[in-house]
Amino acid sequence: MSKSFASDTQITHLGRLWLYLFGALVMVFLMFPSVVVIPMSFSDSTYLEFPPREWSLRWYENYFGSIEWREATYVSLQAAVLTMLVATPVGTAAAYGLHVSGRRMAATMQTMLLMPLMVPIILIAIGAFYLYARLGLNYTITGVVVAHTVLAIPFVLVTVSSGLKTYDMNQEMVARSLGASRLRAFLTVTLPQIRFSVVAGALFAFITSLDEVIVAMFVSGGENATLTRRMFNALRDQIDPTIAAISTCLILVSVISLLLVQWLGKARTPG
Amino acid sequence: MAERRSLPITISGVTKTYGALKALDDVSIDIASGEFLTLLGPSGSGKTTLLMVLAGFVRPDHGSVRFGDEEMITTPPHRRGVGMVFQNYALFPHMNVFANVAYPLRLRGVARPEMEERVGKALDLVQLGELGHRGVHQLSGGQRQRVALARAIVFEPRILLMDEPLSALDKKLREQMQIEIKHLHHQLDMTIVYVTHDQREALTMSDRVAVIDAGRFAQVDGPRRLYERPRTRFVADFIGESSFLPVRVSEGAVRLGGDVLRLSEAPWSQAERQILVLRPEKLEIVPDRGATDANCLRGTVSDLIFQGESVLVYVRLAGGEQIAVRSPSRRETLAAVPEVGQPVHVALDPEDAIVVPEDP
């Protein structure tokens with residue numbers, strides 16, 4: 001065999017070289033900004049530098065040793081978990097309702113529920129800030145969770161909707177004819193079969209909240225400042241590689257979550 | 001025999017519209033306890049909608065549905081106690097065969113030993129006794145259908161609804177399952193309402209067939225009567241093969257060109273212009289008897305088609321209409337089949353003459 005073919009269209013790997021290079025370039029552009037902080041976080045220098053001249057773990061020690069950073073991390077995790085716990089059932093219920101109703105209204109409702117993805121987040125942040133000022137929700141975890149839930153629902157809606165698309169609704173009808181109430185039919189027949197989409201949606205909701213900065217800048221603060229908000233403040237005051245260490249940790253959590261989502265997606269289609 | 005558990009169904013004045021479309025138009029029927037009734041019709045005729053009304057998934061605009069003496073119209077599906085089998089089986093893929101069949105029993109809080117016994121009995125009934133531990137993905141189409149059936153009957157519902165349950169199976173398996181379901185009906189004490197668009201399936205299995213067209217019953221009758229005495233052209237066309245000839249009816253006879261066919265009974269419609277329905281297998285090519293009053297149509301053979309078990313002889317009548325005559329392919333009948341171009345007489349027994357009114 002003198003030539004190996006890239007596909008059955010009989011184009012050789014050599015003929016596709018430009019495509020591979022282009023693809024690689026796109027990947028670099030997408031990943032470099034995130035990945036560059038990882039080596040910077042292991043630097044010994046007191047300011048951000050790339051590539052680092054000396055290596056050390058001192059900025060990780062600084063992060064895990066500081067009470068303020070730990071508190072902020074706890075606030076962020078708390079907000080992310082609560083956001084996930086609220087957004088997942090609400091988003092799942094919305095996806096189910098839209099899927100079942102088949103009314104013309106459903107398309108409009110879906111667009112409205114996806115709005116937070118399209119509206120600039122700064123607008124949501126400003127809106128939330130003024131609303132919370134009246135409700136006394138600024139600088140509370142509740143406020144952060146409510147705002148983050150709004151941002152997270154579209155992700156749950158989209159993943160669960162796609163899961164429902166491949167699910168045969170007749171099964172739920174059978175279950176109901178066999179004596180299950182609608183809720184019971186959903187819980188015993190539908191949910192077990194779309195559980196991977198629901199879990200994927202939950203992970204997206206978790207990451208959405210954990211990584212969110214803009215809304216957090218406006219509505220979180222004081223002892224309820226999230227990790228991202230504190231990072232932003234720290235960046236403004238002094239350039240501190242601790243930020244790079246924290247970023248690396250956040251990237252790690254996000255990447256693990258996304259891999260989990262992918263792995264669940266594969267597990268969903270056995271055989 | 002123990003007292004009957006199966007329930008009669010009374011449907012009266014059921015109407016369901018979707019926008020401008022009347023899916024069901026003032027439908028009424030009494031289904032006897034233990035009867036096997038088939039709803040037969042083309043797609044979009046409303047037969048599945050009616051089944052969904054019985055199951056409780058579709059709420060009609062008007063009308064009443066009673067199981068026995070109990071009004072069901074506002075009862076949700078899960079409290080109606082009907083078994084249901086769907087076209088695509090709709091087995092639960094996350095459960096094995098046993099769990100699928102046990103599902104309705106689990107909902108009813110049946111204890112484990114009794115559950116095992118009843119599931120085993122239901123699986124035996126559909127001849128899948130050994131497959132309880134199998135996954136749903138490991139089953140063939142026919143086996144899946146049997147599991148769906150077992151699941152629908154395991155809780156001994158008094159009414160069983162079936163929505164084209166065999167349409168996904170190949171022809172041989174379908175015919176085998178038809179016989180099995182029919183036998184099962186005799187064994188189980190259930191009123192069965194069965195939906196299909198396959199007229200042969202309807203005739204094979206049912207006590208009565210309700211032919212449904214555009215949301216109304218065109219005719220409700222036993223299979224034989226439905227076939228031999230269709231009341232409308234739609235029913236005659238939908239059930240069996242037929243040639244249709246416009247004719248004049250007078251004095252208990254049908255006139256077509258110069259030919260006269262006697263009728264054994266007066267047609268139900270009084271109209272003069274009606275349609276003569278000719279079933280190919282009820283016709284016979286006969287030797288020329290000379291007289292024209294021998295209940296014969298005269299014509300010329302225009303085409304011959306060998307179909308294995310029979311030969312189709314196409315005859316062009318004097319008026320230009322073409323009719324089909326089916327001749328069994330036994331040696332002696334085969335030898336008597338005329339050649340193309342040969343003038344022939346086609347005889348029809350007055351008992352087999354069907355006349356239906358022209359569609360309005």
Side-chain angles (χ1 to χ4, degrees), chain A residues 88 92-93 95-108 159-202 263-271, chain B residues 18-19 48 51-58 75-95 99-110 122 135-138 144 147-157 159-165 168 193:
Chain A
T88 307
T92 302
Y96 179 85
L98 292 175
H99 183 71
V100 170
S101 94
R103 287 174 200 273
R104 238 176 282 159
M105 275 269 289
T108 319
T159 38
V160 175
S161 291
S162 83
L164 282 169
K165 264 187 200 116
T166 55
Y167 169 71
D168 171 18
M169 283 304 287
N170 276 333
Q171 290 181 37
E172 206 171 276
M173 273 169 88
V174 166
R176 288 163 67 196
S177 79
L178 295 174
S181 67
R182 198 154 191 173
L183 180 65
R184 189 135 184 214
F186 176 79
L187 292 176
T188 56
V189 175
T190 307
L191 192 58
Q193 291 182 65
I194 60 165
R195 64 186 187 277
F196 299 121
S197 316
V198 175
V199 172
W263 177 75
L264 286 170
K266 270 190 200 134
R268 180 168 51 176
T269 47
Chain B
Y18 293 106
T48 298
L51 199 75
M52 291 297 157
V53 168
L54 290 178
F57 292 113
V58 171
T75 309
H78 66 281
R79 298 226 185 85
R80 292 200 179 190
V82 299
M84 189 150 185
V85 181
F86 281 79
Q87 183 172 5
N88 62 354
Y89 322 133
L91 297 181
F92 307 137
H94 60 300
M95 303 180 189
N100 262 279
V101 179
Y103 184 80
L105 300 179
R106 266 209 338 261
L107 292 172
R108 286 164 177 78
V110 173
V136 166
H137 295 287
Q138 294 166 282
R144 286 180 197 198
V147 174
L149 193 57
R151 185 177 60 179
I153 62 178
V154 70
F155 61 106
E156 294 172 6
I159 292 168
L160 182 61
L161 307 176
M162 304 177 97
D163 185 12
E164 309 221 16
V193 181

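It should be emphasised that the depicted structure is a prediction, and the values quoted were computed from it without experimental measurement. Chain naming here is simple, since letters A, B, ... match the order of the sequence lines and numbering starts at 1 in each.
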Show me, pair by pair, the donor and acceptor atoms from chain A and chain B that are under 3.5 Å apart.
| residue | atom | partner | partner atom | Å |
| --- | --- | --- | --- | --- |
| Asp168(A) | OD2 | Asn88(B) | ND2 | 3.0 |
| Arg176(A) | O | His78(B) | N | 3.4 |
| Leu178(A) | O | Arg108(B) | NH1 | 2.7 |
| Leu178(A) | O | Arg108(B) | NH2 | 3.3 |
| Thr188(A) | O | His94(B) | NE2 | 3.0 |
| Thr188(A) | OG1 | Tyr103(B) | OH | 2.7 |
| Gln193(A) | NE2 | His94(B) | ND1 | 3.2 |

Side chains of Met173(A) and Met84(B), heavy atoms from C-beta outward: is any pair under 4.5 Å? no
Part of Leu91(B) within contact of chain A (heavy atom distance under 4.5 Å): backbone
Side chain, backbone, both or neither: which part of Phe86(B) has a non-hydrogen atom closer than 4.5 Å to chain A? side chain
Check Pro104(B) against Leu178(A) and note the closest heavy-atom contact, atom names and distance. CB-O, 3.7 Å
